[in-house]
Amino acid sequence: MKNISNNPGLYIHIPFCDTKCGYCDFYSITNHSSRSEFIESLLKEIRFYGCNPANLAGLNKSVFDTVYLGGGTPSLLTEFELTLIFEELNTFFTFSANCEITLEANPGTVNKEKFQFYKNIGVNRLSIGIQSFKDDELKYLGRIHDSAQAVKTVEEAQNAGFDNLSIDLIFATPKQTLDDWLFSLNKGIALNTQHISAYNLIFEEGTPFYKKLIRGQIFDKSEQEQERFYAETMSVFAKSGFEQYEISSYARSDKYYSRHNYKYWDHTNYLSFGPSAHSFWDGKRWSNVRSLSAYIRDLKDAKSVVDFEETLDRNTRIFEKIMLGLRTKKGIDLKKFEREFNIPFLESYATNNKKLLDGALVEITDGYFHLTQKGIMICDEIIADFIPN
Amino acid sequence: MYLDFIRNFCIIAHIDHGKSTLADRLLEETKTISQRDLKAQVLDDMDLERERGITIKSHAIRMNYTANNKNTYIFNLIDTPGHVDFSYEVSRSLAACEGALLVVDAAQGVEAQTISNLYMAIENDLTIIPVLNKVDLPSAEVENVTHQIIELIGCEEDEIIHASAKAGIGIKEILERVIEVIPAPKGDPENKLQALLFDSLFDSYRGAIAFIRVFNGTLKKNDLIKFFSTRQEHSADEIGILRLTREPVKELKAGEVGYLITGVKDVRETKVGDTLTHVRNPASEALAGYKEVKPMVYSGIYPIMSEDFENLRDALDKLTLNDSALLYTPESSKALGFGFRCGFLGLLHMEIVQERLEREYNLSIINTVPNVVYKVHLANGETMELDNPTEMPNPGTINYIEEPFIRAQIITPPEYIGNIMRLGTEKRAEFLNTSYLDTNRADMTFRFPLSEVIFEFYDKLKSYTKGYASLDYEMDGYQQSTLIKLDILINGEPLDALSTIVHRDKAYDWGRKMTRSLKKLIPRQMFEVAIQAAIGQKVIARDTVRALRKNVTAKCYGGDISRKRKLLEKQKEGKKRMKQVGRVEIPQEAFLAVLAMDSDQD
């Protein structure tokens, strides 16, 4: 059974880190002085939605089947803090019996005892931010751990009884050779986790890496090199029995898909709490303010922390469906598409689709329109052409 | 007799020799305008004119000057366009005058335009007053340039007025000399009406406003008049004289300069060079010199956004209200969709129109490679005028083709003669002769195919002579050439907007440069793009834009889908500015690839 569901998911953003990594542009701060105020505010936000379920259609009847604690570094939370959050969630929302509860944990911030606690409190999936098994790369990326710690962390999690583990790896970083990458990749695979996310480095605007890139102090890999890295990545995963089910996501079987992430990709509702957290509900997207102090202040004043919202019009919903669908291996469900939008996908984009099919960039398999290996390589280019003029 | 107290004159000069500044000083000295009102270059109305320091339209202004002899004179100063594209307009403005101030920059010396304008003035029998301007500059070479002027017009040294328009030197002397040497206009106010229309402009409230010089007879307000060329009859709703603003008067008599408003909507009916007379008791013949102005250079103008087509039409419509030389007809291109084939007097005119469309009408346009008008003589004895390379008939049906030539005059310090000869060879020129204005100035004459002057000619001339040479030219008929049509194919499909007509000997070189420069301009995309240059079926050059290898963002930013979507929308925005040809997206710059060709040195 594919680990995909239509029940809504729940995300909590923990905006604290010990250090900032040069490439990362998720919202986090290294000053922990307002930790307790943050927890207080977060509980308030959870309570606000919990007490006003009528604000969101169907919320009162919703059974959530994923919880995802992301960051930042959620593994920095104390047992007490985590307990408070979980209690608040349980008070106000309903969760399914098989709810997938993921926590992002970074080596260097966890130990046996913590894992045992996670297990006890109900966390059943860990996403471990390893990134690399090369110590010099880890240092360069700004990570606080080394390769040995990374291995130890995974083993400790496994020993604590976690049987749904994911690790994050990054490739095509500035100084990395293909051999370096294959070393990390193979080492990651050898750890026998159920899931691996392997990301090609992105130079995100505003990050220290981006600034260095602009100043010419570091260089991005050439397109050909990146193609090579990515192709090798896919091939190594395939040989190792992993299924690539999304651009950067690989699982040992469809049982180990990230149920929570998949909600992002198929327009399933998700509700999010914490600064900079993004929600999607009933065709509406919104996000919270990307500032912890503003988040705390506004919740104190009982004001909304939402600072962006949009209601997707029909064209945008259609485009997002295509954009997200094509990023998954399975692709776009043609029947479902037609049912939902009352237009046939193949005919509606006939010229474009013909071009893509003729070029062997897409294929249609069992009623799904999906990218080929060649197509995945230029996914953004392909998707952009589906934007209505 | 009132005629004795009128002087009609103009100023002729090479660009930057101080014509407009001198005009400003004359207006000040005659108190036509106060120092306070004076923004630099009063007569240049258009932003573009002031920015580029050139005059595009003709203007006229009336001054009253009380001379040393205590008599008060009416001066009509007619400012003329200063570019070869507008040489017909210049000639008509000159025809409205009896004299000309020939302004020469004391530091720059005599330049090509000085000479060509001077010849035109002499052709129109104008009395020339030589003015040596900018004599106060440290770099002024008064003696040398004085010598050049004497050589050029055969005057005496003491006839040359030393002036500095900037510093106000010699202004009074110029005004006195105008009275002394420029003849008063002739003509008889009792005669049948003959008035020369030397320019017109469009006013959004009044319609076309014609600038006229009355040669014979008297034009009264509300007179019924007609134009010789168009045979249209109108009523002279308003006539007047031109000071800083228009001042209506009851009549304009022979010898006078003024304006005329008839209710004609746009300037296409008020043709420069036309003669007007009374409907009743008309003059038997028009004044000499009228010509139907014909565009020399054609180019396609297309909206980047196809939905802007109607806006472009409106904008062109409005431009032609004030610019009768601009021609346009709708055309369609496989590559660019719907647009207009536009005819221009020359390259400057073309640039001005493009710039005005973008600036004043906020349109994003693509203009295709400009071309000249060819005369194609068909085997069946017919001749067609070809202004669009895509309409070139099948070579089998062609007997021969003629292309327009120009006679170009290049004035240069002698050390660059070798370089200019080289430019001549590169540009298929026929060298005619060299003479010397003095030991520092050679005057070279060539015949060039006009098509060769359209592309990167000025830039090359500048770089070959470190900016010291000046150029002027006039049309010099048609001549048979070995011309062929060169097509550009994208993935095997001809891209009509990039077809050009080139000389056979240059085709290979041209084709290679085209494909190479297109390769640089066309971004890599999903599929390989083959760029070929071909003559008929024969491919003579090829370049390839390799397919995009990787373009995929690793992450979808967690739940922040809006962000990913916006990034893609931005990517798409960039693509929107491109034209889709088959499955290839071509940026607008590619359609001007030819113009960029020579700037790449590899």
Side-chain angles (χ1 to χ4, degrees), chain A residues 9 11 13 25-26 68 70 170-172 197-202 223-224 226-231 246-248 261 263-265 267 270 272 276-280 285 287 308 310 312 316 319-320 323-324 327 351 355-356 358-359 361 375-387 389, chain B residues 303-309 334 336-338 364 490-493 519 522-530 544-587:
Chain A
Y11 175 84
H13 191 76
D25 77 332
F26 286 112
Y68 195 107
I170 296 188
F171 64 90
S197 296
Y199 297 106
N200 188 330
L201 174 72
I202 308 172
E223 191 187 328
Q224 277 85 340
Q226 295 193 35
E227 182 200 21
R228 182 98 194 278
F229 272 67
Y230 192 27
E246 190 258 358
I247 299 286
S248 307
N261 283 344
K263 297 183 192 306
Y264 298 153
W265 306 328
H267 274 175
Y270 50 93
S272 304
S276 87
H278 290 75
S279 301
F280 174 75
R285 296 194 179 283
S287 63
F308 165 80
E310 60 171 348
L312 306 185
T316 309
F319 171 63
E320 278 198 357
M323 162 180 109
L324 297 166
R327 287 181 65 89
T351 320
K355 177 176 84 175
L356 298 172
D358 288 352
L361 295 168
I376 288 174
M377 279 289 175
I378 53 167
C379 177
D380 287 9
E381 198 71 18
I382 292 172
I383 292 171
D385 279 348
F386 284 97
I387 296 174
N389 278 317
Chain B
I304 287 179
M305 306 291 180
S306 50
E307 58 268 30
D308 269 344
F309 176 75
K334 258 187 272 166
L336 299 174
F338 291 102
S364 298
I490 301 290
N491 284 350
E493 291 278 323
K519 180 186 173 165
I522 297 178
R524 295 168 58 219
Q525 25 210 292
M526 282 184 218
F527 305 101
E528 186 174 288
V529 181
T544 308
V545 179
R546 303 249 161 260
L548 195 65
R549 299 277 284 276
K550 180 172 180 293
N551 179 15
V552 49
T553 316
K555 51 177 191 169
C556 223
Y557 305 106
D560 188 0
I561 305 300
S562 313
R563 172 160 170 207
K564 176 71 195 152
R565 198 184 71 232
K566 280 169 192 159
L567 285 173
L568 286 164
E569 280 164 358
K570 214 167 136 193
Q571 184 181 332
K572 169 86 175 186
E573 258 331 285
K575 286 183 166 198
K576 264 192 188 165
R577 290 182 60 83
M578 297 198 220
K579 282 284 178 182
Q580 185 91 28
V581 178
R583 58 182 198 183
V584 182
E585 274 147 352
I586 300 183

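Convention: sequence-line order gives letters A, B, ...; per-chain numbering from 1.
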Atom of B:Q571, atom of A:A384 and distance for their closest heavy-atom approach: NE2-CB, 3.8 Å
B:E573: partners by side-chain contact (heavy atoms from CB on, under 4.5 Å), with sequence neighbours left out: B:K576
Shortest non-hydrogen contact between A:L361 and B:M526, atoms and distance: CD1-SD, 3.8 Å
Presence of salt bridge, A:D385 and B:R583, under 4.0 angstrom: no
Donor-acceptor under 3.5 Å (A:E223 side chain, B:R549 main chain): yes
Where B:A554 and A:S248 come nearest, the two heavy atoms and their spacing: O-OG, 2.6 Å
Greatest number of heavy atom pairs closer than 4.5 Å to chain A - which of B:E585, B:E569, B:K564: B:K564
Closest non-hydrogen atom pair between B:V552 and A:M377, with its separation: CG1-O, 3.6 Å
Within 6.0 angstrom of B:F338 CZ, more than 12 heavy atoms from elsewhere: no
Distance, nearest 0.5 Å, that separates CD1 of B:I561 from OG1 of A:T316: 13.5 Å
Pairs of heavy atoms under 4.5 Å with chain B: top-ranked of A:Q224, A:E310, A:K263: A:E310
Reported NZ-to-CZ distance for the pair B:K555 and A:R327, which is rounded to 0.5 angstrom: 11.0 Å
Minimum heavy-atom distance A:I383-B:L568, with the two atoms named: CG2-CD1, 3.6 Å
Under 3.5 Å donor-acceptor, B:K572 side chain and A:I387 backbone: yes
Spacing of CG belonging to B:N551 relative to CD belonging to A:E227, to within rounding of 0.5 Å: 12.0 Å
Part of A:F319 within contact of chain B (heavy atom distance under 4.5 Å): side chain
Interface moiety of A:N261 toward chain B, non-hydrogen atoms closer than 4.5 Å: neither
Residue A:Y270 versus chain B: region with a heavy atom under 4.5 Å: side chain
Closest contact, heavy atoms only, B:S562 versus A:F308: OG-CE2, 3.7 Å
Sequence-distant partners of A:E320, salt bridge (Lys or Arg N to Asp or Glu O under 4.0 Å), two or more places apart: A:R285, B:R565
Over 12 non-hydrogen atoms of neighbours within 6.0 angstrom of CZ in A:R228: no
Part of A:L324 within contact of chain B (heavy atom distance under 4.5 Å): side chain
